[in-house]
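Take a look at the structure set out below.
Atoms within each ligand, like the ligands themselves, are counted from 1 in listed order. Because only heavy atoms are used, hydrogens play no part in the values below, and waters and symmetry mates are left out as well, while side chains stay in. The chain is numbered in sequence order, starting from 1.
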Amino acid sequence: MNYTIYPEEKCDFFEILPINDLPSGERLFVELGDIPIVIFNIADTFYAIKDQCSHEDLEIGDGDLEGHDLSCPHHGAHFDVRTGEALTLPAVEGIPAYPVRVRKGNLEVGLPKE
Ligand code: FES
């Protein structure tokens, strides 16, 4: 599910860290509730997806990133980190993608309200 297109009021936002602590080209692993999340800074734009491949539910956040294309280190499925969309087999379903915003210099990730 691509939650980045949700209206902000349908999400609860959680402060993660100052944006200066996540420079361009870096990624950060966090856990919100029981959801593992990986956040990417790609050319000073931030993206957050669940750190779980839709193929076999394994971690994906350490995969190679080319542009916005993240490849799973396990069986090679590719995903678009902007939307979570699955781009290649063996994945057929997307990964949840979460909205990211900046407030007072801090990065915040939004999770959908229950
Ligand atoms: S677990 Fe990611 S492609 Fe299989």
Side-chain angles (χ1 to χ4, degrees):
M1 175 58 109
N2 179 9
Y3 295 110
T4 65
I5 58 174
Y6 262 38
E8 281 198 359
E9 61 270 19
K10 288 196 168 185
C11 293
D12 289 321
F13 281 83
F14 298 88
E15 192 175 304
I16 305 297
L17 83 174
I19 55 169
N20 293 338
D21 290 351
L22 186 59
S24 182
E26 298 288 314
R27 64 187 79 179
L28 175 74
F29 296 85
V30 297
E31 202 151 302
L32 291 179
D34 58 354
I35 302 176
I37 291 175
V38 55
I39 305 167
F40 299 91
N41 180 341
I42 302 174
D44 289 324
T45 302
F46 299 96
Y47 305 95
I49 61 170
K50 188 172 185 180
D51 184 18
Q52 186 179 72
C53 183
S54 63
H55 175 230
E56 286 190 357
D57 294 343
L58 301 172
E59 301 86 1
I60 188 171
D62 275 328
D64 289 338
L65 185 68
E66 285 191 27
H68 298 97
D69 182 325
L70 178 68
S71 58
C72 180
H74 301 286
H75 313 107
H78 288 242
F79 296 86
D80 189 323
V81 297
R82 295 170 293 189
T83 61
E85 178 188 4
L87 302 174
T88 65
L89 295 171
V92 292
E93 291 181 13
I95 294 172
Y98 303 105
V100 182
R101 71 184 186 186
V102 177
R103 288 290 185 277
K104 297 178 182 169
N106 291 314
L107 199 70
E108 296 183 351
V109 171
L111 298 184
K113 293 179 177 170
E114 295 293 319

side-chain contact (heavy atoms from CB on, under 4.5 Å) between Leu17 and Asn106, worked out: CA-CA 5 Å; Leu17 83 174; Asn106 291 314; over 6 Å; no

Minimum non-hydrogen distance to atom 4 (Fe) of ligand 1, winning option of His75, Gln52, Glu56: His75

N, O or S from His55 under 2.8 Å to atom 4 (Fe) of ligand 1: yes

Val102-Leu28 co-clustered via ILVMFWY side chain contacts under 4.5 Å: yes

Proximal atoms of ligand 1 relative to Cys53 (non-hydrogen, under 4.0 Å): 1 (S), 2 (Fe), 3 (S)

Those atoms of ligand 1 less than 4.0 Å from some heavy atom in Ala77: 3 (S)

Step-by-step side-chain contact (heavy atoms from CB on, under 4.5 Å) determination, Cys11 to Tyr98: CA-CA 9 Å; Cys11 293; Tyr98 303 105; over 6 Å; no

Cys72 N/O/S atom closer than 2.8 Å to atom 2 (Fe) of ligand 1: yes

Residue from Asp21, Val100, Asn20, Val30 passing side chain to side chain contact (heavy atoms under 4.5 Å, CB included) with Leu107: Val100

Over 12 non-hydrogen atoms of neighbours within 6.0 angstrom of CD in Glu66: no

